[in-house]
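Shown next, in structure tokens, is the structure this report addresses.
These figures come from a predicted structure and were not determined experimentally. Atoms within each ligand, like the ligands themselves, are counted from 1 in listed order. Just so you know, these numbers use all the heavy atoms, side chains as well, and skip hydrogens, waters and symmetry mates.
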Amino acid sequence: MAHVESIYADVLDAYGAFSAIDSGLMKSYEGKDRQAWEKIYREKRGALVAALSKLPNDGLSRTDARAATLMRAGLSDFPADASTLSPSSRCNNAQNPDLGYDALRGALYSCFDELGNNLQFEGATVNRVSAFSMLEQIKEPERRKKLFLAFSPLWEAVNGKDQPDSPYRRMIAMASADAAKNKSPVIAAAESLGVQPADVEAWLEQILDAWRQVSGDRQMEPWDYRYAAGETGRELDQTIPREGLRTTSESYYHDLGADLNQLGVLFDLDPRPGKAPLAYTDLLRCGQTVNGAWRRAIARISASYGRGGLSNMLELVHEEGHAVHFVAVRARPAFTYNDSLLFIEAFADVPSWSVYEPAWQQKYLGKSSSQSASLRNLYSGVMLDVAWALFEIRMLHHPAADPNAVWTDITSRYLHIVPHPEYSWWAVRVQLVDSPGYMVNYGLGGLITAEIRNRIRQSIGPFDAGNPRWYSWTSEHLLRVGGEVETSELLRGFLGHPVSPQPLIDDMRRLASSH
Ligand SMILES: [Zn+2]
């Protein structure tokens, strides 16, 4: 088993190296260029497939059997042909009605680079993420509407005129068929919480309904949604220049006992053409024992920040949360990653939600917004994720449904947003077209985040303004084991009770009581 796992670690490392090169962060790594790493990758992957097929199915210890299961599952994330990794597809290809599932998703992903990164507004080009934070800032409603409508080329590339054979509607039908054959992200998320898929949907509805109740009953236009909840962002954005994103978030992590420099985290935050149109964190190499000593994992963060501001801060602290998580794992190579994307996404929000606490703002920005405005800002964003999660569950269940109608139903009922079924305005998240069902990991993640934040506070005290025990304590009690323990079991042990949406709902209720 140790031999198989060392090959697995080599596959992880080679993959990490050439995807870092593909990302544009570096031209070579450890003296080898992409071609050299790809060659190593091909050889090692072949060796891994052979070694895994020779592993006996019986007679393994429980842990070894789990290691074999995770490595076999992990294999599907590592393409046999690594030369096609960088998306070479064009957005236009999505119009081709004969495109298969993977090719169609690849083409739609390219739309987010080609169109989402080139929104035209008032004679300038803005990217998707900047546009979101501008929608929070711009005072004049008619200019907000104009910026909102600047997304039209992206919406139309993804969902045409919402006709039954639009690119998205063809894609979601194939995604639904695929989910019936392979495990859907929704089922995976439910399993990792030890609940039924139907519970997941009911929980999302419960959370949204709590928001409907605490968020006031004023109806608003979709282009006003971010502005209406964006008072905190408007008050604090000027305290976060672009360069401040890194320095401020680093001092927060430093105060949590996690020095990002010492941990060797790599950053690539400048916008540039062709860069991945979404923020993500990956491993450049995995952690493992080498010659009897632990060799730490190296995490790298990729994002595109043209400006500073609070919403970008939230995103960067989230990505840094992934980085400190991955580096904290001290497990065998097979257990480098937790088995649940839901858990991984939820943990990254544990530190990032602090950005919307007045204690964090006061300490790191020297100025704070009110508790109620901060909560409204945070949860209006979280609720969009929950709404997208519910949208995806419903679309995967009923792939022939009209996505604009499904989205309109959710957002008018729970988010008090005026119906605009003529716009496919849900089509602004890369994950919706790239990995259908993935939004469940964010939408449901909020519930786990609230549970974990509660448990940490009860155990070591508040951490919104730093807490030197935070990193060592969470590493010891939650992160260190990596994928060795199933997420449902890990969370049950950590929380001391089954997960429920109650802590999140209770936290949201602070909004109603602070009116
Ligand atoms: Zn994430």
Side-chain angles (χ1 to χ4, degrees), residues 16 19-20 23 25 77 109 112 116 128-129 132-133 185-186 188-189 192-193 245-246 249 252-253 256 258 260 263 265-269 275-284 286 297-305 310-329 336-356 378-379 381-389 392 428-453 474 478-479 482-483 487 491 504:
S19 47
S23 79
L25 173 64
D77 295 335
Y109 178 92
F112 280 81
R128 205 170 46 88
V129 176
F132 291 153
S133 70
V186 182
S192 67
L193 298 184
L245 290 173
R246 236 188 106 169
S249 60
Y252 176 44
Y253 276 100
L256 291 176
L260 299 176
L263 293 174
V265 178
L266 302 177
F267 291 86
D268 181 10
L269 307 183
K275 197 172 186 183
L278 77 173
Y280 66 90
T281 303
D282 260 354
L283 285 181
L284 173 59
C286 68
I298 299 177
R300 66 175 176 92
I301 297 174
S302 174
S304 297
Y305 298 132
L310 202 65
S311 57
N312 283 344
M313 179 66 85
L314 180 79
E315 184 182 85
L316 181 58
V317 176
H318 170 96
E319 296 305 332
E320 290 164 337
H322 284 316
V324 300
H325 174 181
F326 297 157
V327 173
V329 174
T336 297
Y337 292 107
N338 293 76
D339 60 9
S340 160
L341 286 166
L342 173 67
F343 173 72
I344 291 173
E345 293 301 349
F347 180 79
D349 275 341
V350 167
S352 78
W353 282 15
S354 293
V355 166
Y356 282 90
L378 171 66
Y379 283 128
V382 173
M383 289 310 125
L384 274 177
D385 282 352
V386 179
W388 273 308
E392 289 211 287
V428 295
R429 292 296 294 263
V430 182
Q431 291 84 355
L432 294 169
V433 302
D434 182 41
S435 24
Y438 195 92
M439 291 305 298
V440 170
N441 297 314
Y442 296 125
L444 201 57
L447 169 167
I448 312 294
T449 303
E451 287 267 27
I452 297 175
R453 282 176 61 87
T474 52
L478 195 60
L479 305 178
T487 296
L491 283 174
L504 174 61

Donor-acceptor contact below 3.5 Å, side chain Thr449 vs main chain Ala346 = yes

Does the ring centre of His318 sit less than 6.0 Å away from the ring centre of Phe347?
-> no

Examine Glu319 and say whether one of its N/O/S atoms is closer to the Zn ion (ligand 1) than 2.8 Å.
-> no

Glu392 side-chain N/O to Met439 backbone N/O, donor-acceptor pair under 3.5 Å = yes

Ring centres under 6.0 angstrom apart (Tyr379, Tyr356) = no

What atom name does the N, O or S atom of Glu345 nearest to the Zn ion (ligand 1) carry?
-> OE1

So which of the N, O or S atoms of His322 lies nearest the Zn ion (ligand 1)?
-> NE2

